[in-house]
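The structure appears right after this line, and notes come after that.
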Amino acid sequence: MNSKPICQVIHSQLLSGTCPWCQETIVGDQEEASGEEPRWNIERMAADLRSPDEEVRADTIGNLLSHSPPLMDAVPLLSQAIRDPNETLRSMAFSCLEHLGFEICDEQAAELEAGDEINEYPLAIRLVLLGYYMMRQFESGTAKQARRRNLLWLFANEPEIEAGLGPGKQLLRSQDPAGYEEAKAIWLAHVESNPKSPKTLANAAEFFVLNDFDLAERFMLEGGKLEPTNPVWRDRLGQLYSLQSMRRANSHDAAAAKGLAAYQTAAKLRDTHTNDEDHEVEHLTALMNRLASLGELAKAALAAHELEQARTYAEQLLEVATGPELSEQRRDDSGSLHTGHTILGRVAISIGDLSTAKRHLLASAKIKGAPHLVSFGPSMSLAKELLERNESQVVLEYFNLCREFWERGQVELDLWTAEVNNGQMPDFGPNLNY
């Protein structure tokens, strides 16, 4: 059987069992392994995470993300990986820890909270627990309090956390006013004591994005002054202004235009930085940054009603996401495919091309699923626009495709399907904003 390129690394990490990437059976020295679950060589995986070869480390982290060994074998490995010198690989490791939290049961979570491992691997264990509590916070007050406790530890002890404060690491004033006030005091104290730390400013800004626009903008502008050639600060401003355009109808056009301008400035800075001979930009990081940049540019251009720019950015996004520059493991990035096809579908609707819009709607759901899509679900913006034009059949087909990767959204998809069958327009809530 022909192995995939990633298998050159993964086979050496298997003691025995079936390779999850190519289905080849690896037989150990003293046992038959036909058809059995993989048995991983944890020491070899740890050694590969220290390899000077970036691709070896990337393949190892990617394997942990897709086919992790048991939890307490994976945690020490990922504790090592979240300190990787490559930003993209660190981010992958953070995502993997949060994803592991989605999979654990109540008993495992209780053991992690009470066990010694939380002292040995304090950050990694809390990232697992935050993944576990992400959805359960809405089910019980106990889970909500436990999530708050772990988040406050994170804010107090890791103000420069590399992975930032995505949706799973937020305390919203609207949902937990008391927790928000505690967290706000922590972040303001961090900024006051360390005002020249770009990472602290970045995380403080991200914490306030959904809570306090003025503070978020202030910290982003301060960070941009500290690092005027770093495009990330313009990216963050683009996100902030784009969010403002969605939340404040009376300032939509001005905020959307500011968001697009910020993203375009970031793209120019990134191109300059990449081509600057005085800076070495790791190839993988540069490609992943370009994917993220094109996705945000496409969304911002659409929000600003710059349809041709939106189309160009979305087409470039799909080209990079499916192109040969990405390794086989990272090609066909689900988040990028979903965003690219959604934007192209919405552009097509804007010019009255429903046939093309329907094709892009279905293509946007023919994906494997990315962490944020698995957790929060796909965008329903294109589906809603097609429903407004009485194209219910293709939307129902889209819902069925979404079931394949959005396992957590079966209840919502059932409800929306019933409403569409009854001729009603569903309330898609936050899924209109993705």
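- By the neighbour-count criterion of 12 heavy atoms within 6.0 Å, atom CD of Gln175 is densely surrounded, having more than that number from other residues, nucleotides or ligands.
- Among the candidates Asn150, Leu112, Asp106, the single residue satisfying the side chain to side chain contact (heavy atoms under 4.5 Å, CB included) test with Tyr132 is Asp106.
- Trp21 and His67 have their aromatic ring centers within a separation under 6.0 angstrom.
- Of all heavy-atom pairs spanning Val75 and Ala124, the tightest one is CG1-CB, 4.1 Å.
- With respect to Asp235 and Arg270, a salt bridge is recorded, a charged nitrogen being found less than 4.0 Å from a carboxylate O.
- Side-chain atoms of Ser364 do not come within 3.5 Å of backbone N or O of His341 as any donor-acceptor pair.
- With rounding to the nearest 0.5 Å, the separation of OG1 in Thr339 from CG in Leu317 is 6.5 Å.
- Considering only residues two or more places apart in sequence or on other chains, Lys384 meets the salt bridge (Lys or Arg N to Asp or Glu O under 4.0 Å) condition with Glu388.
- Within a 6.0 Å radius of CZ in Arg234, no more than 12 heavy atoms belonging to other residues, nucleotides or ligands are found.
- Without hydrogens or angle criteria, Asn431 side chain to Met380 main chain gives no donor-acceptor distance under 3.5 Å.
- Checked by atom type and distance alone, the side chain of Gln309 never pairs as donor or acceptor with a backbone atom of His305 at under 3.5 Å.
- Taking the charged nitrogens against the carboxylate oxygens, Asp84 and Arg57 do have a contact shorter than 4.0 Å, which makes a salt bridge.
- Residues satisfying the salt bridge (Lys or Arg N to Asp or Glu O under 4.0 Å) test with Arg149, not counting sequence neighbours, are Glu113.
- Using a cutoff of 4.0 Å between basic side-chain nitrogens and carboxylate oxygens, Glu182 and Arg148 are scored as salt-bridged.
- The residues Lys169 and Glu206 are annotated as not salt-bridged, no charged nitrogen and carboxylate oxygen being separated by less than 4.0 angstrom.
- No donor-acceptor distance shorter than 3.5 angstrom exists from the side chain of Arg126 to the backbone of Leu151, with no hydrogens or angles considered.
- A donor-acceptor pair is defined here as one N or O able to donate and one able to accept, closer than 3.5 Å; such a pair exists between the side chain of Gln137 and the backbone of Met134.
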Hey, can you pull the donor-acceptor pairs under 3.5 Å for the side chains in residues 413-425, sequence neighbours left out?
residue: Asp414; atom: OD1; partner: Arg403; partner atom: NH1; Å: 3.0
residue: Asp414; atom: OD1; partner: Arg403; partner atom: NH2; Å: 2.8
residue: Thr417; atom: OG1; partner: Leu413; partner atom: O; Å: 2.7
residue: Asn421; atom: ND2; partner: Thr417; partner atom: O; Å: 3.2
residue: Asn422; atom: ND2; partner: Ala418; partner atom: O; Å: 3.1

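- In this model, no donor atom of one side chain and acceptor atom of the other lie less than 3.5 Å apart for Asn203 and Glu160.
- Listed for the Ser66 side chain is no donor-acceptor partner under 3.5 Å among the backbone atoms of Asn63.
- Looking at Asp73, its side chain never comes within 3.5 Å of a backbone N or O of Pro69 through a donor-acceptor pair.
- Considering OG of Ser197 and NE2 of His190, their distance stands at 10.0 Å, rounded to 0.5 Å.
- The side chain to side chain donor-acceptor pair (under 3.5 Å) pairs that include a residue from residues 216-225 are Glu217-Tyr241, Arg218-Glu222, where partners are two or more places apart or lie in different chains.
- Heavy-atom contacts from other residues, nucleotides or ligands closer than 6.0 Å to CD of Glu407 number 12 or fewer.
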*Check the pair Glu103, Gln108 against side-chain hydrogen bond (donor to acceptor under 3.5 Å, both in side chains), reporting the backbone distance first and the verdict last.*
CA-CA 10 Å; Glu103 307 299 327; Gln108 287 175 296; over 6 Å; no
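- Checked for salt-bridge contact, Lys299 and Glu296 meet the test: a charged N lies under 4.0 Å from a carboxylate O.
- Phe155 meets the ring pair (Phe, Tyr, Trp, His ring centres under 6.0 Å) test with Trp187, Phe207; sequence neighbours excluded.
- Side-chain atoms of Ser381 and Ser379 form a donor-acceptor pair, as typed in the model, at a separation below 3.5 Å.
- Every residue two or more places apart in sequence or in another chain that forms a salt bridge (Lys or Arg N to Asp or Glu O under 4.0 Å) with Arg346 is listed here: Glu385.
- Within a 6.0 Å sphere centred on CG of Asp353, heavy atoms belonging to other residues, nucleotides or ligands number more than 12.
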